[in-house]
2 protein chains.
Amino acid sequence: MARAVPETHDEILAAAARLFAVTGYRGTSLQDIAREVGCSKATVLYHFANKEALLAELMAPAIAVLKDLDDQLTGLTGAVAQQAAAVGFVDLAVRFRGEIALLRGEFTELLCQPAFAHIQQISERLRAALAGHSDRPVDRITALVLLAGIPEACADFVDIPDDDLRSALLTLVRRAVEPVDTLMPHPPTTEDKDS
Amino acid sequence: MARAVPETHDEILAAAARLFAVTGYRGTSLQDIAREVGCSKATVLYHFANKEALLAELMAPAIAVLKDLDDQLTGLTGAVAQQAAAVGFVDLAVRFRGEIALLRGEFTELLCQPAFAHIQQISERLRAALAGHSDRPVDRITALVLLAGIPEACADFVDIPDDDLRSALLTLVRRAVEPVDTLMPHPPTTEDKDS
DNA sequence: TCAGACCCTGACCGATCGGTCAGATGGAAG
DNA sequence: CTTCCATCTGACCGATCGGTCAGGGTCTGA
């Protein structure tokens, strides 16, 4: 047998992506992946140190872009940071919605794995930026709802053109997020009155 | 041993709730629950047909209220349905955020289990109502983001008073959702122009 | 021709899981 | 005392999981 083409690595990656998208990460065993590729489970583990490493390689591009966004955000403050976070995150979610869909709701859970430990800190900073670094509940909650909801929505709308999805999401974010500058020197706003 | 008090059933339920909230449903084994209660795994399975039944009983109150909301929504259309869906869903999420937190991100995944099959249809109808039964991508996407994001946010803000959380979420929803009546006879709106 | 790197495999491992079952215990009813 | 039933348990089961390992085939380069 052996030595068909040394593309087994990529074939495994592709098979894993396909299966993860249908049955989820946890719901897909190494055996399943091996069967899909047409090789043995041991072969899968020859090309990847373990199951988590497989997932990590699958998510690497998305994570790299997320890290870029985080870098761009450091130093920015106020409405500028807010705007950059919004546009950057929406773009990220839309571009990598395939990868997001892979995780099928295991999203939050998976990020707790040691391999993705730093992601949590990044998303923490992203959330703060999107909230305009405000500590008002409304702003913090809004940021959290968007940050959790947008990836979920992206995973659901896989058959819509990128541009349509992006512009719809930006419309939503623009409506939902109140620019932080309008309340920077904290004068009473309409929000503060009716609480 | 045996026959301490016949409250074992409730003790198991409470222990399961505690553990699910920390380690999640999948991450908690029947063994773990038994250990927490101080009984054998077999005892847990004496009181509950299986692990899923335990979860179902834990979620029963929340599901009942969700079903009520669904009933109230049937027959309503347009902005009335939209408003009712928004208020009802936010209230539901806030009241049962403890139960939601139990699932720790397994939310979407768990609802695929056969015991919760009908929940999917309900949430489908809820989404449609929240979108004002519009088929514009912006509206459908907004509804989805909110429906996915709100529970997630509620699970995170466990230490905030109910009323504060509720009013913050309602403010967000009111901002994010465009009342469907303003575009019913579909005249060009500002949204349509800039896309 | 031979050595060694590379690729692949079947057999196997220990752990864990949800779930079953026959039987022990003990209080209540007759 | 005997019967009955609810409660509880240890031992056990089959399945599945991620992961290891020794070894076999094949290509390459000296």
Side-chain angles (χ1 to χ4, degrees), chain A residues 1-20 22-59 102-104 106 109-116, chain B residues 1-20 22-59 102-104 106 109-116:
Chain A
M1 211 48 61
R3 185 63 40 82
V5 222
E7 289 160 352
T8 316
H9 182 95
D10 296 344
E11 280 177 29
I12 292 172
L13 224 42
R18 247 172 289 140
L19 291 175
F20 286 170
V22 178
T23 32
Y25 175 74
R26 282 203 128 120
T28 304
S29 70
L30 295 175
Q31 196 68 259
D32 294 333
I33 298 171
R35 195 181 308 121
E36 175 89 358
V37 175
C39 69
S40 74
K41 187 179 65 169
T43 299
V44 174
L45 287 164
Y46 169 77
H47 286 280
F48 299 90
N50 49 43
K51 196 185 179 186
E52 194 178 302
L54 215 174
L55 178 64
E57 190 160 328
L58 225 36
M59 303 297 284
L102 286 192
L103 306 181
R104 289 224 330 157
E106 299 168 296
E109 198 184 347
L110 269 280
L111 296 189
C112 299
Q113 289 204 254
F116 303 114
Chain B
M1 211 52 58
R3 187 65 40 80
V5 223
E7 288 161 351
T8 317
H9 182 96
D10 296 344
E11 281 178 30
I12 293 172
L13 224 43
R18 248 173 288 141
L19 292 176
F20 287 170
V22 178
T23 31
Y25 175 74
R26 283 204 126 119
T28 304
S29 70
L30 295 175
Q31 197 68 259
D32 294 332
I33 298 171
R35 194 180 309 120
E36 174 90 358
V37 175
C39 69
S40 74
K41 187 178 67 168
T43 300
V44 175
L45 287 163
Y46 168 76
H47 287 281
F48 298 89
N50 49 43
K51 197 184 176 186
E52 194 178 302
L54 216 174
L55 178 64
E57 190 161 328
L58 226 35
M59 303 296 285
L102 287 193
L103 306 181
R104 289 222 333 153
E106 301 167 296
E109 197 183 349
L110 268 284
L111 296 189
C112 299
Q113 289 203 254
F116 303 114

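Here is how names work: the chains are called A, B, and so on, in the same order as the sequence lines, proteins then strands, and each is numbered from 1. Hydrogens, waters and symmetry mates are skipped; everything else that's a heavy atom, side chains included, is used. If you're wondering where the values come from, they're calculated on a predicted model, not measured in any experiment.
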Quiz item: For A/V44 and A/C39, which heavy atoms make the closest approach, and how far apart are they?
Solution: CG2-SG, 4.1 Å
Practice problem: Find which nucleotide of DNA chain D each of A/D32 and A/L45 is nearest to by heavy atoms, and output the residue with the more 5' nucleotide. | Solution: A/D32
Quiz item: Of the non-hydrogen atoms in B/F116 and B/L110, which two are nearest, and what is the gap between them?
Solution: CD1-O, 3.6 Å
Practice problem: State whether a side-chain donor-acceptor pair under 3.5 Å links A/H9 with A/E57. | Solution: yes
Quiz item: Tell me: CD of B/Q31 to P of D/dT9, nearest whole Å?
Solution: 12 Å
Self-check item: Value in whole Å for how far the P atom of D/dA15 lies from CG of B/N50
Solution: 19 Å
Exercise. Give one of base, sugar-phosphate or nothing for B/S29, where a contact means two heavy atoms less than 4.0 Å apart.
Key: sugar-phosphate
Quiz item: Which of these passes side chain to side chain contact (heavy atoms under 4.5 Å, CB included) with A/T28: A/V22, A/L54, A/T23?
Solution: A/T23
Quiz prompt | Length of the line joining A/I33:CD1 and D/dT16:P, which is rounded to integer Å | solution = 16 Å
Exercise. Using atom CD1 of A/I12 as one end and atom C1' of D/dG18 as the other, report the distance to the nearest whole Å.
Key: 15 Å
Quiz item: Quick one: A/L30 CG to D/dT20 P, roughly how many Å, whole number?
Solution: 11 Å
Quiz item: In terms of the nearest nucleotide of DNA chain D, which residue is placed more toward the 5' end: A/T28 or B/A42?
Solution: B/A42
Practice problem: Output yes when at least one side-chain N/O atom of B/T8 is less than 4.0 Å from OP1 or OP2 of D/dC8, else no. | Solution: yes
Quiz item: Hey, does the side chain of B/H47 come within less than 4.0 Å of D/dA6's phosphate (OP1/OP2), counting only N and O?
Solution: no
Quiz item: Under 4.0 Å between a side-chain N/O of B/Y46 and OP1 or OP2 of D/dT7, yes or no?
Solution: yes
Exercise. May I have the distance from B/L55 (atom CG) to C/dG19 (atom P), rounded to whole angstrom?
Key: 12 Å
Practice problem: May I have the distance from A/H9 (atom NE2) to C/dC8 (atom P), rounded to whole angstrom? | Solution: 12 Å
Exercise. Would you tell me if any nitrogen or oxygen in the side chain of A/T43 comes within less than 4.0 Å of OP1 or OP2 on C/dC8?
Key: no
Quiz item: Taking all atoms of both residues into account, what is the closest heavy-atom pair of B/K41 and B/A34, and its distance?
Solution: N-CB, 3.5 Å
Quiz item: Got a donor-acceptor pair under 3.5 Å from the side chain of A/K51 to the base of D/dG19?
Solution: no
Quiz item: CZ of A/R35 versus P of C/dC8: gap in Å, rounded?
Solution: 19 Å
